[in-house]
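Everything below concerns the one structure shown next.
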Amino acid sequence: MSSSKVFMMLLMLSVVSCNLLIMAGSSSAGDFYRDIDVTFGDQRAKILDGGKLLTLNLDKTSGSGFQSKKEYLFGRIDIQMKLVPGNSAGTVTTYYLSSEGLTHDEIDFEFLGNSTGNPYTLHTNVFSQGKGEREQQFHLWFDPTKAFHTYSILWNTHRIIFFVDNIPIRVFDNLESIGVPFPKKQPMRIYSSLWNADDWATQGGLVKTDWAQAPFTASYRNLKANACLAGSSSSTCVSTTAEDKAWQNQALDAAGRKRLQWVQNKFMVYNYCSDSKRFPQGFPPECKRSRSQTQLQLNSSWNNNNLYNKEKLNDGK
């Protein structure tokens with residue numbers, strides 16, 4: 001069997017194991033009535049199936065969104081999402097952790113819609129003490145509108161890892177030792193929203209939202225927060241087994257590093273650490289350190305055309 005076939009089999013096993021883990025935790029997760037508050041959009045945010053399913057809708061008047069009732073300081077957050085199908089150009093679906101205030105911390109998944117037949121762009125970013133501008137963008141290796149897929153944020157004192165179907169796509173290490181701020185003191189809530197951003201979201205704003213297709217709908221299920229509640233000690237984190245507690249010191253093993261490199265080599269479309277035009281005076285210090293690490297052992301000639309106007313980054317959340 002060829003190495004490529006073996007690798008694809010490993011990816012499929014990752015998807016299956018991730019879904020099994022989510023289902024295993026469903027007895028304590030996935031109750032949107034219990035776990036979230038709608039933040040805007042009124043009836044455009046709907047909780048269905050006894051709390052197991054949530055949909056966000058966008059029409060020409062408004063989008064919609066929700067936030068977790070609880071705040072967390074470190075943890076692993078998993079949620080299954082099915083994105084807006086068809087012509088989603090101009091729409092942005094977000095899933096992120098954030099604290100509040102001008103010096104907030106934030107860990108972002110943002111899904112930038114596209115015209116029918118063209119891929120979504122998955123935008124990731126990390127803010128610490130109010131400073132972001134650490135964008136990496138990806139195309140996915142599947143159609144995220146056809147079925148639910150699991151998107152995960154692992155956040156411990158050592159690193160942040162972004163996962164898609166339990167496959168790592170990005171690692172942001174704690175490099176405070178070289179002066180890089182790291183989110184570690186501000187509790188964060190889980191947020192999600194669906195909103196219109198056709199002034200920048202798709203091809204730099206060239207493709208506008210087709211309101212004839214409205215309402216646009218994104219769906220969610222199986223929200224699981226295996227995390228430390230704000231104000232609690234590590235001994236009272238929401239982790240009941242040794243497996244649940246693994247996130248507290250989790251790093252990528254050899255197989256994880258191989259999968260990360262595969263994703264970044266094949267599917268990354270923008271990396272701030274390779275954008276020399278943006279940093280003519282030199283790259284941020286974490287980029288210089290990361291170049292010697294697996295997650296950024298990449299060709300530096302990235303296509304930078306997909307970076308959207310960073311000044312619009314927080315609009316509409």
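If you're wondering where the values come from, they're calculated on a predicted model, not measured in any experiment. The figures that follow rest on heavy atoms only: side chains count, while hydrogens, waters and symmetry mates do not.
Considering Ser128, Ser98, Pro183 in turn, Ser98 is the only one that fulfils the side-chain contact (heavy atoms from CB on, under 4.5 Å) rule with Glu106.
Between Arg278 and Glu135 there is a salt bridge, since a side-chain N of the basic residue sits under 4.0 Å from a carboxylate O of the acidic one. Using a cutoff of 4.0 Å between basic side-chain nitrogens and carboxylate oxygens, Arg44 and Asp59 are scored as salt-bridged.
Side-chain atoms of Asn222 and Gln80 form a donor-acceptor pair, as typed in the model, at a separation below 3.5 Å. Residues Thr124 and Arg170 bring a donor and an acceptor atom of their side chains to less than 3.5 Å of each other.
Closest non-hydrogen pair, Ala218 versus Val84, comes out as N-CG2, 4.1 Å. Shown here for Val126 and Arg134, the closest heavy-atom pair between the two residues is O-NH1, 3.1 Å. Across all non-hydrogen atoms, the minimal contact from Leu54 to Ile36 is CD1-CD1, 3.6 Å. Between Pro215 and Asn57 the shortest heavy-atom distance is CB-OD1, 4.3 Å. Pairing each heavy atom of Thr209 with each of Gly90, the nearest pair is OG1-CA, 3.3 Å. Scanning both residues, Phe162 and Asn125, for their nearest heavy atoms gives CZ-O, 3.9 Å.
In this structure, the side chains of Tyr220 and Leu53 stay at 4.5 Å or more apart for every pair of heavy atoms. Taking 4.5 Å as the limit, some side-chain heavy atom of Leu223 sits within range of a side-chain heavy atom of Ile77. Contact annotation: the side chain of Thr91 never approaches that of Trp195 to less than 4.5 Å [non-hydrogen atoms, C-beta and beyond]. Two residues are said to be in side-chain contact when any heavy atoms from C-beta on lie closer than 4.5 Å; Phe216 and Ser88 fail this criterion. Contact annotation: the side chain of Ile107 never approaches that of Phe127 to less than 4.5 Å [non-hydrogen atoms, C-beta and beyond]. The side-chain heavy atoms of Phe138 and Val269, taken from C-beta on, include no pair separated by under 4.5 Å. In this structure, the side chains of Glu286 and Asp173 stay at 4.5 Å or more apart for every pair of heavy atoms. Counting only heavy atoms from C-beta outward, the side chains of Asn114 and Gln203 approach each other to under 4.5 Å.
Remark: Asp42 CG is loosely packed, at most 12 non-hydrogen atoms of other residues, nucleotides or ligands lying under 6.0 Å away. No more than 12 heavy atoms of other residues, nucleotides or ligands sit less than 6.0 Å from atom CD of Glu100.
Formation of a donor-acceptor pair under 3.5 Å by the Asp37 side chain with backbone atoms of Lys69 is not found in this model. No donor-acceptor pair under 3.5 Å is formed between the side chain of Asp49 and the backbone N or O of Gly51. Ser68 places a side-chain N or O within 3.5 Å of a backbone atom of Lys70 that can act as its donor or acceptor partner. Side-chain atoms of Asp165 do not come within 3.5 Å of backbone N or O of His149 as any donor-acceptor pair. Side-chain atoms of Asp31 come within 3.5 Å of backbone N or O of Arg34 as a donor-acceptor pair. Looking at Arg257, its side chain does come within 3.5 Å of a backbone N or O of Leu252 through a donor-acceptor pair. Within the 3.5 Å criterion, the main-chain N or O of Ala89 finds no donor-acceptor partner in the side chain of Thr202. With Asn156 contributing its side chain and Trp247 its backbone, the two residues share a donor-acceptor pair below 3.5 Å. At distances below 3.5 Å, at least one donor-acceptor pair connects side-chain atoms of Lys208 with backbone N or O atoms of Gly205. The backbone N or O of Gln186 lies less than 3.5 Å from no partner atom in the side chain of Ser99, so there is not a single donor-acceptor pair.
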Q) So Phe172 and Val180, side-chain contact (heavy atoms from CB on, under 4.5 Å) or not? Walk me through it. A) CA-CA 11 Å; Phe172 185 82; Val180 180; 4.1 Å; yes
Q | Worked verdict on Thr150 versus Ile79 for side-chain contact (heavy atoms from CB on, under 4.5 Å) | A | CA-CA 6 Å; Thr150 305; Ile79 196 167; over 6 Å; no
Q | Working for side-chain contact (heavy atoms from CB on, under 4.5 Å), residues Tyr72 and Arg189 | A | CA-CA 6 Å; Tyr72 305 96; Arg189 294 185 191 273; over 6 Å; no
Q: Would you please test Ser193 and Thr94 for side-chain hydrogen bond (donor to acceptor under 3.5 Å, both in side chains) and show each step?
A: CA-CA 5 Å; Ser193 59; Thr94 70; 2.6 Å; yes
Q.
Is there a salt bridge (charged side-chain N to carboxylate O under 4.0 Å, His left out) between Asp78 and Arg76? Walk through the geometry before answering.
A. CA-CA 7 Å; Asp78 303 282; Arg76 174 166 175 150; 3.0 Å; yes
Q: Test Phe111 against Met81 for side-chain contact (heavy atoms from CB on, under 4.5 Å), laying out the working first.
A: CA-CA 11 Å; Phe111 302 87; Met81 300 172 60; 3.8 Å; yes
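A distance of 13.0 Å separates CD of Gln136 from CG of Asp108, quoted to the nearest 0.5 Å. Rounding to the nearest 0.5 Å places CG of Asn249 at 8.5 Å from CZ of Arg159. Rounded to the nearest 0.5 Å, atoms CZ (Phe66) and OG (Ser192) are 4.0 Å apart. We find the CG-CG distance between Leu229 and Leu73 to be 10.5 Å, quoted to the nearest 0.5 Å. Between the NE2 atom in His158 and the CD atom in Gln250 there is a gap of 11.5 Å [rounded to 0.5 Å]. Taken from CG in Asn196 to OG in Ser62, the straight-line distance is 10.5 Å, to the nearest 0.5 Å.
When hydrophobic clusters are built by joining Ile, Leu, Val, Met, Phe, Trp and Tyr residues whose side-chain heavy atoms come closer than 4.5 Å, directly or via intermediates, Met268 is grouped together with Leu140. Tyr270 and Leu206 fall into different hydrophobic clusters, where Ile, Leu, Val, Met, Phe, Trp and Tyr residues are linked whenever their side-chain heavy atoms come under 4.5 Å apart, directly or through other members. Hydrophobic cluster membership differs between Val207 and Leu194, with clusters built from Ile, Leu, Val, Met, Phe, Trp and Tyr side chains linked at under 4.5 angstrom.
Two rings, from Phe283 and Tyr272, have their centers 6.0 Å or more apart. The aromatic ring centres of Phe267 and Trp262 sit less than 6.0 Å apart.
The ring-ring contact (aromatic ring centres under 6.0 Å, His included) check on Phe182 picks up nothing, with sequence neighbours excluded. Scored by the ring-ring contact (aromatic ring centres under 6.0 Å, His included) test, Phe163 finds no partners at all (sequence neighbours excluded).
A parallel orientation is assigned to the rings of Tyr95 and Phe109, their planes being inclined by less than 30° (bins at 30° and 60°). Between Tyr191 and Tyr96, the two ring planes are parallel [angle under 30°; tilted spans 30° to 60°].
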